[in-house]
Amino acid sequence: MILPYRILERKRAGMRLAEEEILEVVRGAADGSWSDAQLGAFLMASAIHGLDVEETRALTLGMLESGERWFLARDVPDLCDKHSTGGIGDKTSLVLPFLLAACGLPVSMLAGRGLGHSGGTMDKLEAIPGIDLNLDRARCLDLLGRCGVAFGGATGGIAPADRRLYALRDVTATVESLPLITASILSKKLAMGAAAVVFDVKAGNGAFMQDEESARELARMLVETARGLGTKVSALITDMSQPLGRWCGNAAEVREGLDCLEGRGPEDLMEVTYRLAEEVAALVGHPRKRADLEGAIASGRARERFDQWAVLQGASPAWVLAPKLDLAPVERPLLAGRSGVLSRIDTRQLGMLLIEAGTGRVRPDSEIDHGVSLLVEARLGDEVREGDELGRLFLRRDDIGLVERFKACFVVSDGEAQAPPLLLGRIG
């Protein structure tokens, strides 16, 4: 056994860790022999000094092999998976699985909790009354056989080392570390063993990788590492310089996901969802045309798949027939203080303020308020007049100072402005 003190001492000094030292950290995270303080020190040193290619590979494989591996594609050869690096209002995971399942392609996902300023799919799904995201291999295969979709949370069985490290990254300001992101994502995605995975790597001020080149670097790292381990994979780089869709907040995003499945989804959200669906369908060897995907929504098949899945994963049939997802009761408009063009949205700050208002966790044991929400009513490049509504907040309690800080995230200026393109690139 290598003493944790010696490993932390070496990494604090910026030294490269050997594979057995990295594996000792992973074992300590998985079996509890390393304390939260020791793991937090490792994460901070790694975020500051970085991990090289070999350290990252060792961390990824160690975390992957720290628990169960399901090899689901052995039983479901066409199984698809998708992962987003996260942002504000990013709810494609609430739409894409049911869209693809309605087109004959099964999808399984391990959903994550909120991380940093970014909302988590698991937190959003838990806004559905009664939903049960506990998943093992047998239940996953049963769900895939019955409705073509299976959602689960990160279990103690799959990548247990990541379960601890993921929660600690969220509260130690180490979320943005590229190697830590890569190891965390792949240890869960590859443990499930889908036939093909598409990554949605976000770029922009609301993403963890704010500049496009950093996003490309992460996309390349994810694609090359996963491909080297035998998975069909590609990555799209998409814009996160403003919220995706119109709603931000757990219950509100589920509501907007249902709107998408019923043909009322915002154009930007639907475009990213369609692109990702087309990409992973092609990877798995069963391409689907845009018309096929649009037809699955227009015919009602995609919404029917959601209803089937929701009941099978615990939602009551009565709720499915009449979904009710309440928003927080205190409504406050965000009004433009001047006329001009909406030239910038501080999307990352919007995410942090939403967490402060209750949508995420300030501490690992914090309670989440599913009803706190933000409706974004103006988009980058829109002309606005003084007094126009840029957005609307739904809060649990009135807080004028918090409302003003939300309002400050929307920058109106003179001249012209345009939103970046939604699709910024593709790796793979």
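Predicted, not measured: the structure shown is a model, and the values here were computed from it. Sequence positions, counted from 1, serve as the residue numbers for this chain.
- Residue pairs meeting the salt bridge (Lys or Arg N to Asp or Glu O under 4.0 Å) criterion with at least one partner in residues 236-249, sequence neighbours excluded, are R246-D268.
- The shortest side-chain heavy-atom distance between L269 and C260 falls under the 4.5 Å cut-off.
- Of the possible polar contacts, one joining the R255 side chain to the L325 backbone as a donor-acceptor pair under 3.5 Å is found.
- With salt bridges taken as basic N to acidic carboxylate O contacts below 4.0 Å, one links R405 and E356.
- At least one donor-acceptor pair closer than 3.5 Å links the side chain of D388 to the backbone N or O of R385.
- The backbone N or O of L43 sits nowhere less than 3.5 Å from a side-chain atom of R169 that would complete a donor-acceptor pair.
- Residues V411 and L342 have side chains not in contact (no heavy-atom distance under 4.5 Å, counting atoms from C-beta outward).
- Side-chain atoms of Q242 and T347 include no donor-acceptor pair closer than 3.5 Å.
- Judged as a side-chain contact (heavy atoms from CB on, under 4.5 Å), and not counting sequence neighbours, the contacts of E271 are R275, R290, L422.
- For the pair S108/L72, a side-chain contact is recorded, criterion being any heavy-atom separation below 4.5 Å from C-beta on.
- Applying the salt bridge (Lys or Arg N to Asp or Glu O under 4.0 Å) definition to pairs two or more places apart or across chains, those involving residues 412-421 are R338-D414.
- Applying the ring pair (Phe, Tyr, Trp, His ring centres under 6.0 Å) test to residues at least two apart or on different chains, none of the pairs has a partner in residues 322-342.
- The closest side-chain heavy-atom distance from I181 to S184 is not below 4.5 Å.
- In this structure, the separation between NZ on K91 and CG on D259 is 10.0 Å, given to the nearest 0.5 Å.
- Residues passing the side-chain contact (heavy atoms from CB on, under 4.5 Å) test with P323 are L258, R303, W319, sequence neighbours excluded.
- Expressed to the nearest 0.5 Å, how far CG of L99 lies from CG of L276 amounts to 10.5 Å.
- Across all non-hydrogen atoms, the minimal contact from I297 to A302 is CG1-CB, 4.1 Å.
- Here E278 does not pair with K289 in a salt bridge; the nearest charged N to carboxylate O distance is not below 4.0 Å.
- We find that K324 and D326 are joined by a salt bridge, their nearest charged nitrogen and carboxylate oxygen being less than 4.0 Å apart.
- Here the side chains of P243 and L350 are in contact, with some heavy-atom distance below 4.5 Å.
- Applying the salt bridge (Lys or Arg N to Asp or Glu O under 4.0 Å) test to every pair with at least one member in residues 200-209, sequence neighbours left out, gives these pairs: D200-K202.
- The residues R146 and D142 are annotated as salt-bridged, a charged nitrogen and a carboxylate oxygen being separated by less than 4.0 angstrom.
- The environment of L321 atom CG is dense: over 12 non-hydrogen atoms of other residues, nucleotides or ligands sit within 6.0 angstrom.
- The ring pair (Phe, Tyr, Trp, His ring centres under 6.0 Å) pairs that include a residue from residues 267-293 number zero, where partners must be two or more places apart or lie in different chains.
- Nearest heavy-atom pair across L312 and R139 is O-NH2, 3.5 Å.
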For side chain to side chain contact (heavy atoms under 4.5 Å, CB included), just list the numbers for E253 and E256, CA-CA rounded to whole Å, side-chain angles, deciding distance to a tenth of an Å, and then say yes or no.
CA-CA 5 Å; E253 292 191 42; E256 189 165 58; 5.5 Å; no

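- One finds no salt bridge joining R396 and E367 here, because no Lys/Arg side-chain nitrogen approaches an Asp/Glu carboxylate oxygen to under 4.0 Å.
- Taking CG of L390 as the start and CD1 of I345 as the end, the distance is 8.5 Å to the nearest 0.5 Å.
- Here the closest non-hydrogen pair linking A315 and I128 is CB-CG2, 3.9 Å.
- D90 pairs by the salt bridge (Lys or Arg N to Asp or Glu O under 4.0 Å) definition with nothing, not counting sequence neighbours.
- Under the ring pair (Phe, Tyr, Trp, His ring centres under 6.0 Å) criterion, the residue pairs touching residues 383-428 are W247-F394, with sequence neighbours excluded.
- Pairs of residues two or more places apart, or lying in two chains, that qualify as ring pair (Phe, Tyr, Trp, His ring centres under 6.0 Å) and include a residue from residues 83-108 are F98-F306, F98-W309.
- Of all heavy-atom pairs between C103 and L293, the closest is SG-CD2, 3.9 Å.
- Within 6.0 Å of CZ in R397 there are 12 or fewer heavy atoms belonging to other residues, nucleotides or ligands.
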Evaluate side chain to side chain contact (heavy atoms under 4.5 Å, CB included) for V284 paired with K232, printing each intermediate quantity in order.
CA-CA 7 Å; V284 85; K232 297 175 183 176; 6.0 Å; no

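- Interatomic distance, T182 OG1 to R57 CZ, rounded to the nearest 0.5 Å: 14.0 Å.
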Set out, in order, the CA-CA distance, both residues' side-chain angles and the distance that settles side chain to side chain contact (heavy atoms under 4.5 Å, CB included) for V223 and R426, then state yes or no.
CA-CA 11 Å; V223 168; R426 177 183 181 274; over 6 Å; no

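- Minimum heavy-atom separation, T85 to V201: OG1-CA, 3.5 Å.
- The two residues L96 and K82 come nearest to each other via the heavy atoms CD2-CB, 4.2 Å.
- In terms of modelled atom types and a separation under 3.5 Å, the side chain of T359 and the main chain of L354 share a donor-acceptor contact.
- When atom types are taken as modelled, the side chain of T231 and the backbone of V233 share no donor-acceptor pair closer than 3.5 angstrom.
- Side chains of I237 and L218 form no contact here, defined as non-hydrogen atoms less than 4.5 Å apart.
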One pair to check against side-chain hydrogen bond (donor to acceptor under 3.5 Å, both in side chains): E279 and S234. What are the steps and the verdict?
CA-CA 8 Å; E279 187 75 16; S234 65; 2.7 Å; yes

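- Using modelled atom types, no side-chain atom of R288 and backbone atom of A281 make a donor-acceptor pair closer than 3.5 Å.
- Under the 4.5 Å side-chain criterion, counting only non-hydrogen atoms from C-beta, L8 is in contact with Q38.
- For the salt bridge (Lys or Arg N to Asp or Glu O under 4.0 Å) test, no residue two or more places apart in sequence or in another chain qualifies with R227.
- To the nearest 0.5 angstrom, I427 atom CD1 is 13.0 Å from F199 atom CZ.
- Side-chain atoms of E386 do not come within 3.5 Å of backbone N or O of S339 as any donor-acceptor pair.
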As a quick check of understanding, evaluate salt bridge (Lys or Arg N to Asp or Glu O under 4.0 Å) for R137 and D75, giving each step before the final call.
CA-CA 11 Å; R137 190 177 191 277; D75 294 280; 2.4 Å; yes

Could you go through E126 and N250, starting from their C-alpha distance and side-chain angles, then the distance that decides it, and tell me whether this counts as side chain to side chain contact (heavy atoms under 4.5 Å, CB included)?
CA-CA 8 Å; E126 287 180 344; N250 298 305; over 6 Å; no

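- The shortest side-chain heavy-atom distance between L51 and L180 falls under the 4.5 Å cut-off.
- Looking at residues two or more places apart in sequence or on another chain, you find a side-chain contact (heavy atoms from CB on, under 4.5 Å) between P333 and L335, E389, R392.
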